[in-house]
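One structure is given here, and the rest of the page talks about it.
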Amino acid sequence: MKNKLLAVLAASTLAAGILAGCGSSSADTTTAETAATEAATEAATDATTEAAAEDTAAAPADGDNVIKVAASQTPHSEILAAVKDLLADEGYDLEVTVFEDYVQPNNVVESGEFDANYFQHVNYLNSFNEENGTHLAIAENGKIHYEPFGIYGGTKSSLDDIADGDAIALPNDTTNEARALLLLQQAGLIKLKDGVGVTATVNDVEENPHNLKLVEVEAAQVPKQLPSVAFGVINGNYALEAGLNVGTDALVTESADGDAIQQYVNVIAVKEGNESSAKIKALTDALHSDTAVQYINDTYQGAVVPYDGEQ
């Protein structure tokens, strides 16, 4: 585009020189020179505008083209990797750092070290803000996928074999524990107090006919407990990391009704005020693209479900 602009300016200079050297009258020469100058100025302005437009399309307007995202290994970092080229086409460099816990990804976004994170569902985000005084929010168009919870066999392979005193491992963080308890209730293994819903804890178990031992451990550790417990209730991403698929390996999966999806859909989280920034919008658009949807469906075979509901 610089060459085009220089060519326009050179042509205008040449035209003015030719007119000045012609044997026309002074008045005619002045009129011609004025017209040539105006035409050249207009052409140069158009060329400059076009060059600026092309430069804008090639890179983000604010020059901030790095998107730093904190993510869980599976499936979040893998899904992000699948859209890296899409973002590159838009002028963005996606940098993903994998975290193994559920705390630091929120802390680094709160501190401003990272632009966003991708590892948690709505309920966990809300609970984390309430408990830690953080200021995290769901990005615009930031609800991305849903991971069904499942009950998996440990030392036993069928819920028909459950016996008094059997141990069941479940996540110990606030929202995932409630989700696990609701699934155990759905399976008919326990009964919770009326109305506790997504706020349930082990203290809300009203009926436990098999006197099951509910073993609370950090979410990532539940799969590792399977050799020592009868059953385990596992988050979708940690099941995948352990080589388990909710569609083929889970003994029971949670009902995927509208409320559950809204409560447990995994999101892109940002610090309040950044929900609609240009690079965050580019990120969420990429994660809802046909490329991302096809990758999720082909790779996870129902263990991860693309979200297409209300944002």
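The backbone N or O of S277 lies less than 3.5 Å from no partner atom in the side chain of N274, so there is not a single donor-acceptor pair. The main-chain N or O of Y295 is found under 3.5 Å from a side-chain atom of T299 such that the two form a donor-acceptor pair. Distance alone, capped at 3.5 Å, places no donor-acceptor pair between the E95 side chain and the I67 backbone. Checking side-chain atoms of D101 against main-chain N and O of Q104 turns up a donor-acceptor pair under 3.5 Å. Checked by atom type and distance alone, the side chain of E275 pairs as donor or acceptor with a backbone atom of G273 at under 3.5 Å. Side chain of E90 to main chain of Y92: no donor-acceptor pair is present (N/O by atom type, distance under 3.5 Å, no hydrogens or angles). Side chain of S158 to backbone of D160: a donor-acceptor contact under 3.5 angstrom is found. Looking only at distances, a side-chain donor or acceptor of N129 sits under 3.5 Å from a matching main-chain atom of L136. Without hydrogens or angle criteria, T155 side chain to F231 main chain gives no donor-acceptor distance under 3.5 Å. Listed for the D164 side chain is no donor-acceptor partner under 3.5 Å among the backbone atoms of N211.
By the 4.5 Å heavy-atom criterion applied to side chains, D204 and L181 are not counted as neighbours. Two residues are said to be in side-chain contact when any heavy atoms from C-beta on lie closer than 4.5 Å; V217 and N172 fail this criterion. The shortest side-chain heavy-atom distance between K191 and D194 falls under the 4.5 Å cut-off. Side-chain contact between L283 and V69 is present, with at least one heavy-atom pair separated by less than 4.5 Å. N141 is listed as a side-chain neighbour of H288, based on a closest heavy-atom distance under 4.5 Å. In this structure, T174 and F128 have side chains that are not in contact, with every pair of non-hydrogen atoms separated by 4.5 Å or more. The side-chain heavy atoms of K84 and V96, taken from C-beta on, include no pair separated by under 4.5 Å. Taking 4.5 Å as the limit, every side-chain heavy atom of R179 sits out of range of all side-chain heavy atoms of V198.
Sorted by first and then second residue, the ring-ring contact (aromatic ring centres under 6.0 Å, His included) pairs involving residues 176-195 (not counting sequence neighbours) form an empty list.
The 12-atom threshold is not exceeded at NZ of K281, counting heavy atoms of other residues, nucleotides or ligands nearer than 6.0 Å. Residue N132 qualifies as enclosed at atom CG: its count of foreign heavy atoms under 6.0 Å is above 12. By the neighbour-count criterion of 12 heavy atoms within 6.0 Å, atom CD of E207 is densely surrounded, having more than that number from other residues, nucleotides or ligands.
Closest non-hydrogen pair, L125 versus A137, comes out as CD2-C, 4.2 Å. Nearest heavy-atom pair across A71 and L80 is CB-CD1, 3.9 Å. For P75 against V304, the heavy-atom pair with the smallest separation is CG-CG2, 3.7 Å. Between T291 and A82, the closest heavy-atom pair is CG2-O, 3.8 Å. Taking both residues in full, the closest heavy atoms of S289 and A286 are given as OG-O, 2.6 Å, listed atom of the first, atom of the second, then distance. In plain terms, the two heavy atoms of N245 and Y300 that are nearest each other are ND2-O, 3.1 Å.
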Worksheet item: Run the side chain to side chain donor-acceptor pair (under 3.5 Å) check on N176 and D173 step by step: do they pass?
Response: CA-CA 6 Å; N176 284 309; D173 59 275; 2.7 Å; yes
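Evaluated for a salt bridge (Lys or Arg N to Asp or Glu O under 4.0 Å) with K279, the options D93, D64, D285 yield exactly one hit, D64. The side chain to side chain contact (heavy atoms under 4.5 Å, CB included) test with Q294 is passed by exactly one of I296, D298, N297: D298. None of V196, L189, L214 except one satisfies the side chain to side chain contact (heavy atoms under 4.5 Å, CB included) rule with V205; the exception is L214.
Using a cutoff of 4.0 Å between basic side-chain nitrogens and carboxylate oxygens, D166 and K156 are scored as salt-bridged.
Seen from the ring of F114, K68 counts as a face-on cation partner, given the 6.0 Å and 45° thresholds.
Ring geometry, H76 versus H145: the interplanar angle falls from 30° to 60°, so the pair is classed tilted. Using cut-offs of 30° and 60° on the angle between ring planes, the pair Y264 and H121 is perpendicular.
How far CD of Q311 is from CD1 of I144: 6.5 Å, rounded to the nearest 0.5 Å. Taking CD of E140 as the start and CD1 of I280 as the end, the distance is 11.0 Å to the nearest 0.5 Å. Between atom OG of residue S111 and atom NZ of residue K271 there is a gap of 7.5 Å, rounded to the nearest 0.5 Å.
Defined by atom type and a distance below 3.5 Å, a donor-acceptor pair is missing between the side-chain atoms of E110 and T134. Checked by atom type, the side-chain pair Q262/Y146 shows no donor-acceptor distance below 3.5 Å.
Using a 4.5 Å cut-off between side-chain heavy atoms of Ile, Leu, Val, Met, Phe, Trp and Tyr, with links allowed through other members, V98 and L240 fall into different hydrophobic clusters. Hydrophobic clustering (ILVMFWY, side-chain heavy atoms < 4.5 Å, transitive): V293 and I79 are in distinct clusters.
You'll find the ring centres of Y102 and Y238 inside the 6.0 Å limit.
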